[in-house]
Number of protein chains: 2
Amino acid sequence: MKKSDKENTEEKIFNAAKKVFVRKGSDGARMQEIADEAGINKSLLHYYYRSKDKLFAAVFEFFASKFFPDIFNIFNSDDDIFIKFEKFIHAYIDMLSKNPFIPMFMLNEIKKGNASFAIKVISRAGVNIKAFEQLVEKEIKKGNIKNVNPKNLIINMLGLIIFPFISRPLFEVLIFDNNKNAVDEFLAQRKEEVSTLIINMLKPEKTLN
Amino acid sequence: MKKSDKENTEEKIFNAAKKVFVRKGSDGARMQEIADEAGINKSLLHYYYRSKDKLFAAVFEFFASKFFPDIFNIFNSDDDIFIKFEKFIHAYIDMLSKNPFIPMFMLNEIKKGNASFAIKVISRAGVNIKAFEQLVEKEIKKGNIKNVNPKNLIINMLGLIIFPFISRPLFEVLIFDNNKNAVDEFLAQRKEEVSTLIINMLKPEKTLN
DNA sequence: ATTAAGTTTAACTATTTGGTCAAAATTAGA
DNA sequence: TCTAATTTTGACCAAATAGTTAAACTTAAT
């Protein structure tokens, strides 16, 4: 086969592995299922990726780079602070809409013991929480935003953004009577909802004098 | 052995199973690991619980009843609507503080295909989302709370409550430099944080005339 | 056309793992 | 104390599954 086809096979394996690992997790996934999903012989998995662990590591790294994307630098721009938050929230929800299963996958695998691996990816991606906290404190001092706890702010924001994707299988049936279109609409509308909420958390009270 | 000891063995198995299933998930858990954790012979697992599936089902049902606890009826009381929310948030975070791994376990297993099982437990627990939505709409009409979307309200509230527990392994190292005491403090303080946020989402604007 | 390198396949192996079984140990009751 | 029921154990089994191998096939270059 040609080189372009070789890459094609490797890609087919990688894409199939992404699907199956996301669906079943690192333990539940079966090499045979990945091979079937890719439509190729199981031995090819080992030909291209030595072992299940190596294949999983590749998939994990791929998703980690999505989950900790290169968008925290939005906070390094010289936009107005509220614009920064709005841009970040929109960008992150857009990413999750394209990859809705990433949060569950990542957080579950991290919990099972891949935290240190994740940290490497995070620092490589330039995610800098300390800088974020300092930014918030600076804006508080300047009086541009309310006196909020930066750690709470991060968790609140990420929770509001990420939780709907993690809990979708549950609330899809519990709240939306299995109407998947309604859920998709709901998730799309979350961009505005979360932006508004965060901005309301941050907007200083109108002084009354 | 005596009957009290028999129950003791069964309990030992059940408690060990809870630990291991939470740690590794239904696929990652090994019967041998559960036996070791319980300090008993592996055959006893099958003596008391027939199969891994049956043992897992018992554990799943146990956690499901915790995850969908009998506290939604707080909203059926005749407390003030803000008190209802405050009570609910406090009660739920208290429960999670005692069982911090339940959300990750439940949501992950539900995602992997136990949704229908979960629904049974939910309805048995009397969780009634429709009633909650109607309550919110009623209070909106009465002008007691702002005109919010009830579905957004539920997801926002549950996200703010649950997400910190799901993401703890990540933010513990990323935001808290592995200071576990600081994280425990942070989580305890979330009761007030979330209550305040939800109430601020609901409090009508002060009219200016 | 021939060759050498890379790719694909089916058959096979080794290990892990859920589950069984019969014997041994313990307990409760007569 | 003797017996029957219950509980516990270690050895074993069968199925599932990750990984190996050697041969067959394909491709690109000469």
Side-chain angles (χ1 to χ4, degrees), chain A residues 1-63 105 108-109 112-114 117, chain B residues 1-63 105 108-109 112-114 117:
Chain A
M1 276 200 179
K2 293 174 211 147
K3 192 158 193 194
S4 63
D5 282 348
K6 178 207 161 184
E7 278 160 5
N8 208 3
T9 298
E10 198 168 337
E11 270 173 39
K12 270 194 280 183
I13 292 173
F14 193 62
N15 290 328
K18 281 193 276 183
K19 282 185 205 164
V20 176
F21 276 126
V22 155
R23 205 154 58 213
K24 301 288 183 68
S26 56
D27 299 305
R30 299 283 164 253
M31 294 298 266
Q32 187 59 58
E33 188 178 352
I34 296 173
D36 292 346
E37 180 81 40
I40 49 107
N41 188 289
K42 182 171 71 102
S43 295
L44 279 178
L45 301 184
H46 293 94
Y47 180 76
Y48 284 99
Y49 290 92
R50 299 289 299 169
S51 71
K52 187 185 180 185
D53 279 351
K54 294 249 173 56
L55 178 54
F56 175 77
V59 170
F60 181 87
E61 174 135 16
F62 175 84
F63 283 134
F105 173 84
N108 193 42
E109 297 298 337
K112 286 195 297 187
N114 280 309
F117 194 172
Chain B
M1 277 202 179
K2 293 173 213 147
K3 193 158 193 195
S4 64
D5 281 349
K6 179 208 160 184
E7 277 161 6
N8 208 0
T9 298
E10 199 168 336
E11 270 173 39
K12 269 194 282 185
I13 292 173
F14 192 61
N15 290 328
K18 281 193 276 184
K19 281 185 204 164
V20 176
F21 277 126
V22 155
R23 205 155 57 213
K24 302 286 184 67
S26 56
D27 299 307
R30 298 284 163 252
M31 294 298 265
Q32 187 59 59
E33 188 177 352
I34 295 172
D36 292 346
E37 181 81 38
I40 49 108
N41 188 290
K42 180 171 73 104
S43 296
L44 279 178
L45 300 185
H46 293 93
Y47 180 75
Y48 284 98
Y49 291 91
R50 301 290 298 170
S51 70
K52 187 185 181 184
D53 280 351
K54 294 248 173 56
L55 179 53
F56 175 76
V59 170
F60 181 86
E61 174 135 19
F62 175 85
F63 283 133
F105 172 83
N108 192 44
E109 297 297 338
K112 284 194 299 187
N114 281 307
F117 194 171

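Throughout, protein chains are lettered first and strands after them, A, B, ... in sequence-line order, and every chain is numbered starting at 1.
Considering only the side chain of A:Arg30, D:dT17 comes nearest among D:dT9, D:dT17, C:dG18. When distances run from any side-chain atom of B:Tyr48 to the nucleotides D:dT17, D:dT9, D:dT7, the shortest one goes to D:dT7. With D:dT7, D:dG19, C:dT8 as the choices, the nucleotide that has an atom nearest any side-chain atom of A:Ser51 turns out to be D:dG19. Residue B:His46 places its side chain closer to C:dG18 than to any other of C:dG18, D:dA18, C:dT9. Side-chain proximity of B:Ile40 to D:dT17, D:dT9, C:dT8: nearest is D:dT9. Of the candidates C:dA10, D:dG19, D:dT7, the closest approach to any side-chain atom of A:Ser43 belongs to C:dA10. With C:dT8, C:dG19, D:dA18 as the choices, the nucleotide that has an atom nearest any side-chain atom of A:Lys52 turns out to be D:dA18.
In this structure the side chain of A:Tyr47 never reaches within 4.5 angstrom of the side chain of A:Thr9, judged on heavy atoms.
Within 3.5 Å, a donor on the side chain of B:Lys42 pairs with an acceptor on the base of C:dG18, or the reverse.
Taking atom CD1 on A:Ile13 and atom P on C:dT7, their separation rounds to 11 Å, with Å as the unit. Across the protein-nucleic acid pair, A:Asp53 atom CG and D:dG19 atom P stand 7 Å apart, rounded to whole Å. The distance from atom CD of A:Gln32 to atom C1' of C:dA10 is 12 Å, rounded to the nearest whole Å. Atom OH of B:Tyr49 is separated from atom P of C:dG18 by 17 Å (rounded to the nearest Å). If you take OH of A:Tyr47 and C1' of C:dT7, they are 5 Å apart, rounded to a whole angstrom. Here D:dT21 presents its P atom at 10 Å from CZ of A:Arg50, a figure rounded to the nearest Å. Between the P atom of D:dA18 and the CG atom of A:Asn41 lies a distance of 14 Å, rounded to the nearest Å. Atom C1' of nucleotide C:dA22 and atom CG of B:Leu44 are separated by 15 Å, given to the nearest angstrom.
A perpendicular orientation is assigned to the rings of B:Phe62 and B:Phe14, their planes being inclined by more than 60° (bins at 30° and 60°).
As judged by a 4.0 angstrom heavy-atom cut-off over every strand, A:Ala35 is placed among residues making no nucleic acid contact.
Formation of a donor-acceptor pair under 3.5 Å by the B:Lys52 side chain with backbone atoms of B:Ser26 is found in this model.
Atom CG of A:Leu55 is separated from atom CZ of A:Arg50 by 13.5 Å, given to the nearest 0.5 angstrom.
B:Phe21 has its ring centre no less than 6.0 Å from the ring centre of B:Phe63.
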